[in-house]
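Encoded as structure tokens, the structure appears first; notes follow it.
Model, not experiment: these values are computed from the prediction.
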Amino acid sequence: MKLKMLYAFALAVCSCAAAPAASAAGPSYPEAGRPISVVVPFGAGSGTDVITRIILSGMSKDLGGNFIVLNKAGASGQIGTEFVARAQPDGYTLLVATNSTHSGNPFLYKSLRYDAVKDFAPIGRMTINPLAFLVKADSPFKTAADVIGYARQNPGKLTYGYGNTGGQVSAAMLVHMAKINTIAVPYKTTPQLFTDIVSGQVDFGFVDFAASRPLIDGGKLRSLATTSEERLAFAPAMPAVNETPGLKEFRLYAWLGLMAPAGTPPAIVERLNRALNAALDTPEIRKQLEEQTSSVVKTTTLPEFQSFLSEQRNLWMTSIQTAGIEPQ
């Protein structure tokens with residue numbers, strides 16, 4: 001219920017006129033009455049979508065402009081990402097980039113219809129999101145070690161699903177590092193994956209807590225562990241995957257960031273960075289994000305976000321290679 005209330009609140013804020021901006025990148029940005037479209041490359045109601053709407057509610061107050069969220073899901077975020085890569089670089093079409101679109105996809109696909117580096121002007125990091133190792137609530141598996149032990153005794157019997165790159169790479173890493181044999185089942189997005197885990201159609205999956213926590217709290221799913229390096233403050237009893245014997249090197253998390261098409265005027269990019277950071281520094285916004293189990297480690301300058309993106313590309317490239325995933 002809390003998730004639905006936050007979603008409705010953020011949607012209402014993003015859809016209505018905001019107060020005049022205190023400052024702007026130029027004399028007319030954003031132009032009065034002209035909305036800024038923000039493409040979320042995943043489905044409505046996904047963790048990425050909910051987090052984005054919360055943050056945009058704060059940015060709209062700072063910028064004095066309206067935001068319209070466009071959900072363009074499919075192909076691990078490629079459809080929405082390509083759309084923004086081809087958009088006019090005028091500051092009125094932005095992308096919510098993720099670890100899928102900019103860290104994983106370049107190494108999971110033999111060819112992309114966008115260049116994750118050359119086609120975009122990075123604006124700033126939004127959040128970092130740990131993933132949950134999920135099974136259905138009444139599953140006999142109580143720990144990650146239980147899953148691994150069963151899989152070793154019953155090769156090829158367990159199935160896992162994934163609806164995005166984070167879920168795909170996390171599960172593949174587990175399978176590779178634990179040396180088990182399982183069956184992978186891809187999904188277009190996460191809601192259907194949740195349905196199939198709850199019904200027992202697939203045995204496990206990795207999904208960010210922002211999307212899965214309502215089902216965990218509602219007693220439909222159980223999280224055996226988190227993909228973060230350490231235990232989480234909101235669930236200190238839940239172990240990290242790397243506490244499981246043989247998985248000491250396991251670490252991976254999802255991230256969200258804001259980007260514009262390459263060629264967007266630097267003054268507009270800088271203005272958007274300030275608005276994003278102002279929103280992330282707002283106590284009410286941070287509180288809502290924490291309730292979604294998202295982490296705002298710190299706001300980022302443009303150079304800091306560039307450095308973060310480079311680090312994440314290297315981490316995901318190594319993780320994908322380690323997991324033995326062949327590009328499609």
Side-chain angles (χ1 to χ4, degrees), residues 46-47 99-100 104 128-152 154 157-187 189-255 292-295 315-316 319-320 322-323 325:
S46 63
N99 50 282
S100 292
I128 285 176
N129 309 88
L131 279 68
F133 184 175
L134 299 171
V135 296
K136 63 179 182 177
D138 60 353
S139 169
F141 304 128
K142 299 297 190 293
T143 66
D146 289 343
V147 174
I148 293 170
Y150 180 89
R152 286 175 177 165
N154 301 271
K157 292 286 185 69
L158 290 184
T159 58
Y160 70 82
Y162 61 87
N164 55 36
T165 301
Q168 178 185 10
V169 178
S170 294
M173 284 178 61
L174 175 82
V175 169
H176 178 81
M177 295 174 73
K179 297 180 174 60
I180 56 178
N181 180 9
T182 60
I183 299 172
V185 182
Y187 289 81
T189 188
T190 54
Q192 184 58 49
L193 169 59
F194 287 146
T195 299
D196 285 359
I197 294 179
V198 171
S199 67
Q201 296 299 307
V202 295
D203 296 298
F204 67 93
F206 287 81
V207 182
D208 57 276
F209 279 98
S212 58
R213 191 171 181 185
L215 291 170
I216 296 172
D217 292 345
K220 299 292 186 181
L221 295 173
R222 179 193 304 145
S223 179
L224 304 180
T226 172
T227 64
S228 57
E229 291 190 69
E230 299 176 348
R231 297 194 179 199
L232 303 171
F234 69 84
M238 184 189 306
V241 175
N242 60 27
E243 295 179 45
T244 306
L247 303 181
K248 183 178 180 181
E249 301 302 319
F250 190 108
R251 69 182 181 95
L252 204 69
Y253 54 78
W255 60 264
Q292 299 305 315
T293 65
S294 293
S295 175
L315 172 62
W316 281 76
S319 299
I320 289 167
T322 299
I325 302 174

With rounding to the nearest 0.5 Å, note down the distance linking [atom1] in [X] to [atom2] in [Y].
X	Y	atom1	atom2	result
Ile216	Ser223	CD1	OG	5.0 Å
Leu215	Ile197	CG	CD1	9.5 Å
Asn99	Ile128	CG	CD1	10.5 Å
Leu134	Phe209	CG	CZ	7.5 Å
Asp138	Lys220	CG	NZ	10.0 Å

Just jot down the side chain to side chain contact (heavy atoms under 4.5 Å, CB included) partners of [X], sequence neighbours excluded, or say none.
X	result
Ser228	Pro130, Thr226, Leu232
Tyr187	Val185, Gln192, Leu193, Asp196, Val202
Lys157	Tyr150, Asn154
Arg222	Val135, Ser139, Lys142, Leu224

Identify the heavy atoms of [X] and [Y] that sit nearest to each other, and give their distance.
X	Y	value
Leu131	Ala254	CD1-N, 3.6 Å
Thr182	Ala151	CG2-CB, 4.5 Å
Trp316	Gly104	CE3-CA, 4.2 Å

Set of side chain to side chain donor-acceptor pair (under 3.5 Å) partners for Thr165, sequence neighbours left out: Ser100, Asn105
Would a distance-only check, ignoring hydrogens and angles, find a side-chain to backbone donor-acceptor pair under 3.5 Å from Thr227 to Leu252? yes
Which pairs, with at least one residue in residues 198-217 and sequence neighbours excluded, count as a salt bridge (charged side-chain N to carboxylate O under 4.0 Å, His left out)?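 Sorted result for residues 198-217: Arg213-Asp217.
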Sorted by first residue and then second, give each salt bridge (charged side-chain N to carboxylate O under 4.0 Å, His left out) pair with at least one member in residues 172-187; sequence neighbours left out.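 Sorted pair list comes back empty.
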Qualifying residues under ring pair (Phe, Tyr, Trp, His ring centres under 6.0 Å), relative to [X], sequence neighbours excluded:
X	value
Phe250	none
Phe204	Phe133, Tyr160
Trp255	Phe308

Does anything in residues 230-245 form a side-chain hydrogen bond (donor to acceptor under 3.5 Å, both in side chains)? List the pairs, not counting sequence neighbours.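 Checked against side-chain hydrogen bond (donor to acceptor under 3.5 Å, both in side chains) - neighbours excluded - the pairs reaching residues 230-245 are Arg231-Glu243.
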Does Ile148 form a side chain to side chain contact (heavy atoms under 4.5 Å, CB included) with Leu247? I'd like the steps, not just the answer. CA-CA 11 Å; Ile148 293 170; Leu247 303 181; 3.8 Å; yes
Return all side-chain donor-acceptor pairs below 3.5 angstrom for residues 167-177, not counting sequence neighbours, or 'none' if the list is empty.
residue: Ser170; atom: OG; partner: Gly166; partner atom: O; Å: 2.8
residue: His176; atom: ND1; partner: Thr322; partner atom: O; Å: 3.4
residue: His176; atom: NE2; partner: Thr322; partner atom: O; Å: 2.7

